[in-house]
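Following: one structure in structure tokens, then a few remarks.
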Amino acid sequence: MDMKDFSLEGKVAWVTGASYGIGFAIASAFHAAGAKICFNDINEAAVERGYNNYKEAGIPVKGYVCDVTNEDAVNATTAQILKDFGRIDILVNNAGIIKRIPMCDMKASEFRQVIDVDLNAPFIVSKAVIPHMIEQGHGKIINICSMMSELGRETVSAYAAAKGGLKMLTRNIASEYGEYNIQCNGIGPGYIETPQTAPLRERQADGSRHPFDQFIVSKTPAARWGKAEDLQGPAVFLASDASNFVNGHILYVDGGILAYIGKQPQ
Ligand code: NAP
Ligand code: GCO
């Protein structure tokens, strides 16, 4: 076993939607492991915000304005990254949205919007990058799945449908392209402290913790919310040569939620 297998030295990684949050944390870890970092976000302002965040962290990056649901934009960005860096070794389909609306109150257009970003976009970006990974003889694709790839809950029907589909897209890419030395795996974060979950952790008017905050802590053996940094080691592992025989796997980084029935109410 050569520990160099965990290194990303000389690799080029593209993390989508990585101006902040989980994508930013993963891209930062890839940099620490030696990779060159590309990221995209949906508009100039978001990319600028990303540049500022990476600059503050001392991480050299190249940012691209690209709405991952727009196939022409994705193909153009893929071509530009290949022109700028000559290769794409690692793709992380991280960009995502959630709309917390009771299903019967949700408009079909809102449902489609979530499916578009969280499921169609990973298809579009993977489809753009895979031919180049085949040509270079290797590639790593990591899809950011979710607890909702396995579980449902009120108000997240579109998100759960998308993340459940993303789990199977991950397995299908692994099945269809494994023979080209492309490994496609998923990371299923638990409940992580990012802007996306901020509404679930807001302090109540009386200063008490949000009921959902307390619920998640009781459902997590680690008895805490995850931090984006908790995902860094698993992501580096799945992006590195150390995982070359891991394919089609969803690595749940959830503090044990999926294994646990939940603490008995006191
Ligand atoms: P976040 O804080 O909301 O960040 C999402 C990122 O994706 C933002 O930079 C956002 O850009 C970008 N984005 C959204 N739509 C896009 C589009 N069409 N094109 C390009 N970029 C787009 O989310 P997060 O919590 O870091 O989550 C990142 C991923 O992890 C998502 O796939 C999410 O579903 C998944 N996840 C999160 C958790 C959690 O507890 N936080 C748990 C499991 C899985 P803008 O800010 O410009 O919109
Ligand atoms: C929610 C949360 C979750 C997390 C994550 C859990 O409203 O239930 O946003 O969906 O984002 O996906 O893994």
Side-chain angles (χ1 to χ4, degrees), residues 14-28 38-51 53-54 63-71 73-74 77 92-102 112-122 124-125 142-167 169-170 186-202 210-213 215-216 219-220 224-232 234-235 250-258:
W14 177 12
V15 185
T16 69
S19 291
Y20 56 87
I22 287 172
F24 177 82
I26 289 176
S28 304
C38 315
F39 78 98
N40 71 289
D41 220 307
I42 199 165
N43 57 44
E44 197 58 60
V47 171
E48 207 43 49
R49 173 180 177 186
Y51 267 125
N53 290 338
Y54 286 107
Y64 302 83
V65 176
C66 173
D67 175 346
V68 290
T69 65
N70 179 322
E71 190 162 21
V74 167
T77 300
V92 179
N93 285 306
N94 165 78
I97 62 170
I98 191 167
K99 288 183 182 299
R100 299 183 183 95
I101 304 168
R112 274 195 292 269
Q113 191 187 353
V114 175
I115 298 290
D116 215 13
V117 180
D118 295 2
L119 180 56
N120 292 344
I124 289 169
V125 184
I142 301 169
N143 292 323
I144 306 299
C145 296
S146 160
M147 294 287 94
M148 275 59 214
S149 295
E150 302 292 341
L151 304 169
R153 86 174 184 86
E154 300 77 7
T155 76
V156 295
S157 59
Y159 185 83
K163 293 297 188 180
L166 185 56
K167 173 176 73 172
L169 178 63
T170 300
I187 286 178
Y191 279 82
I192 311 293
E193 292 175 345
T194 71
Q196 190 247 50
T197 55
L200 306 174
R201 290 177 282 110
E202 267 166 10
H210 193 296
F212 195 85
D213 175 2
F215 168 67
I216 285 302
K219 284 287 284 180
T220 309
R224 67 172 174 88
W225 282 71
K227 299 193 176 309
E229 290 71 25
D230 289 320
L231 302 168
Q232 291 181 315
I250 312 298
L251 178 54
Y252 287 100
V253 185
D254 65 354
I257 294 180
L258 286 179

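One-based numbering, in listed order, for ligands and for the atoms of each. Both backbone and side-chain heavy atoms feed into the values below; hydrogens, waters and symmetry mates do not.
- Ligand 2 places these atoms under 4.0 Å from at least one heavy atom of Tyr159: 5 (C), 10 (O), 11 (O), 12 (O).
- Distance check: Asn120 CG to Asn70 CG gives 12.5 Å after rounding to the nearest 0.5 Å.
- Nearest non-hydrogen protein atom to atom 5 (C) of ligand 2 is Ser146 OG, 3.6 Å.
- Side chain of Gln232 to backbone of Ala25: a donor-acceptor contact under 3.5 angstrom is found.
- The shortest distance between side-chain heavy atoms of Phe39 and Val47 falls below 4.5 Å.
- Residue contact check: Met147 has heavy atoms under 4.0 Å from atoms 6 (C), 13 (O) of ligand 2.
- Between Gly190 and ligand 2, at least one N/O pair is under 3.5 Å apart.
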Measure and list all N/O to N/O distances between ligand 1 and the protein that fall under 3.5 angstrom.
residue: ligand 1; atom: 9 (O); partner: Gly17; partner atom: O; Å: 3.3
residue: ligand 1; atom: 9 (O); partner: Asp41; partner atom: OD2; Å: 2.9
residue: ligand 1; atom: 11 (O); partner: Asp41; partner atom: OD1; Å: 2.6
residue: ligand 1; atom: 18 (N); partner: Asp67; partner atom: OD1; Å: 2.9
residue: ligand 1; atom: 19 (N); partner: Val68; partner atom: N; Å: 3.1
residue: ligand 1; atom: 25 (O); partner: Thr194; partner atom: OG1; Å: 2.5
residue: ligand 1; atom: 26 (O); partner: Ile22; partner atom: N; Å: 2.9
residue: ligand 1; atom: 32 (O); partner: Asn94; partner atom: O; Å: 2.7
residue: ligand 1; atom: 32 (O); partner: Lys163; partner atom: NZ; Å: 3.0
residue: ligand 1; atom: 34 (O); partner: Tyr159; partner atom: OH; Å: 2.7
residue: ligand 1; atom: 34 (O); partner: Lys163; partner atom: NZ; Å: 3.1
residue: ligand 1; atom: 40 (O); partner: Ile192; partner atom: N; Å: 2.8
residue: ligand 1; atom: 40 (O); partner: Ile192; partner atom: O; Å: 3.4
residue: ligand 1; atom: 41 (N); partner: Thr194; partner atom: OG1; Å: 3.1
residue: ligand 1; atom: 46 (O); partner: Tyr20; partner atom: OH; Å: 2.4
residue: ligand 1; atom: 47 (O); partner: Asp41; partner atom: OD1; Å: 3.1

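- The minimum heavy-atom distance linking Gly186 with Thr170 is given by the pair N-CG2, 3.6 Å.
- For atom 11 (O) of ligand 2, the closest non-hydrogen atom on the protein side is Gln196 OE1, 2.8 Å.
- At least one side-chain heavy atom of Leu258 sits under 4.5 Å from a side-chain heavy atom of Leu151.
- Between the side chains of Arg201 and Thr197, at least one donor N or O lies within less than 3.5 Å of an accepting N or O.
- Taking OG1 of Thr69 as the reference point, atom CG of Asp118 lies at 11.0 Å (rounded to 0.5 Å).
- Those atoms of ligand 2 with a heavy atom of Ile98 less than 4.0 angstrom away are 7 (O), 9 (O), 10 (O).
- Neither the backbone nor the side chain of Lys163 has any atom closer than 4.0 Å to an atom of ligand 2 (non-hydrogen atoms only).
- With a 4.0 Å cut-off on non-hydrogen atoms, Leu200 touches ligand 2 through its side chain and not its backbone.
- Atom 3 (C) of ligand 2 has as its closest protein heavy atom Tyr191 CE2, 3.4 Å.
- Applying the salt bridge (Lys or Arg N to Asp or Glu O under 4.0 Å) test to pairs two or more places apart or on separate chains, those with a residue in residues 149-167 are Glu150-Lys167.
- Arg100 NH2, 2.7 Å is the protein heavy atom nearest to atom 9 (O) of ligand 2.
- At distances below 3.5 Å, at least one donor-acceptor pair connects side-chain atoms of Asn94 with backbone N or O atoms of Thr16.
- The residue among Lys99, Met148, Arg153 with a heavy atom at the shortest distance from atom 8 (O) of ligand 2 is Arg153.
- Between the side chain of Asp41 and the main chain of Asn43, no donor-acceptor pair closer than 3.5 Å is present.
- The side-chain heavy atoms of Trp14 and Tyr64, taken from C-beta on, include no pair separated by under 4.5 Å.
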